[in-house]
Amino acid sequence: RMLDMGFEPQITKVFAALPPVQPAGKKRGKTPGRQTLLFTATWPKGVRKMAGKFLAEDAVQIIVGENAEGELEANKAIKQRFIESTDDEKDAKL
């Protein structure tokens with residue numbers, strides 16, 4: 001969602017402040033380098049592009065579920081509702 005909302009420059013700035021990714025199979029002394037984890041319910045092109053730019057070449061990808069075309073998709077069995085309330089109303093509405 002952060003990419004959808006236009007936060008790519010801020011995400012890029014955070015990645016730029018991190019230690020560099022170690023080449024596959026290399027370790028720097030006793031320190032294996034940085035570990036970066038990305039979580040996404042779907043795998044849109046923008047996230048794939050960013051992952052390719054900032055993660056190690058040998059990054060592990062764990063995928064749970066996909067559609068017939070092999071693309072990830074959100075679970076259609078999950079329903080979301082928006083209920084507007086003030087702070088003093090929200091406990092009763094939950």
Side-chain angles (χ1 to χ4, degrees):
R1 293 281 318 168
M2 291 179 75
L3 290 177
D4 295 341
M5 296 170 65
F7 285 100
E8 186 170 0
Q10 289 82 357
I11 295 169
T12 300
K13 188 174 180 181
V14 169
F15 275 111
L18 298 173
V21 173
Q22 296 296 311
K26 296 262 183 171
K27 290 187 177 183
R28 187 180 341 149
K30 295 180 181 179
T31 307
R34 86 168 196 237
Q35 179 182 30
T36 305
L37 306 173
L38 295 178
F39 295 90
T40 180
T42 58
W43 194 231
K45 288 180 184 174
V47 174
R48 287 195 303 256
K49 182 179 172 186
M50 181 172 283
K53 199 162 52 169
F54 294 114
L55 300 182
E57 291 177 19
D58 61 345
V60 175
Q61 189 179 130
I62 299 172
I63 298 173
V64 178
E66 58 188 46
N67 66 21
E69 292 81 42
E71 290 289 320
L72 293 177
E73 61 183 22
N75 186 334
K76 291 176 177 56
I78 297 173
K79 296 183 189 232
Q80 297 182 35
R81 291 188 326 170
F82 175 78
I83 301 171
E84 186 173 357
S85 66
T86 62
D87 279 342
D88 56 328
E89 298 172 322
K90 71 179 179 182
D91 287 337
K93 289 186 177 188
L94 286 175

> How many angstroms lie between atom CE of M50 and atom CZ of F15, to the nearest 0.5 angstrom?
Replying inline: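 These two atoms lie 6.5 Å from each other.
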How would you list, by chain and number, every residue that makes a side chain to side chain contact (heavy atoms under 4.5 Å, CB included) with [X], sequence neighbours excluded?
X: K93; answer: I83, S85, E89
X: Q10; answer: F7
X: A51; answer: L38, W43, L55

> Residues two or more places apart in sequence or in another chain: which of them pass side-chain hydrogen bond (donor to acceptor under 3.5 Å, both in side chains) with D88?
Replying inline: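 side-chain hydrogen bond (donor to acceptor under 3.5 Å, both in side chains) list for D88, sorted by chain: T86.
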>> Using a 4.5 Å cut-off between side-chain heavy atoms of Ile, Leu, Val, Met, Phe, Trp and Tyr, which other residues end up in the same hydrophobic cluster as L37?
In response: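 ILVMFWY cluster around L37 also holds F39.
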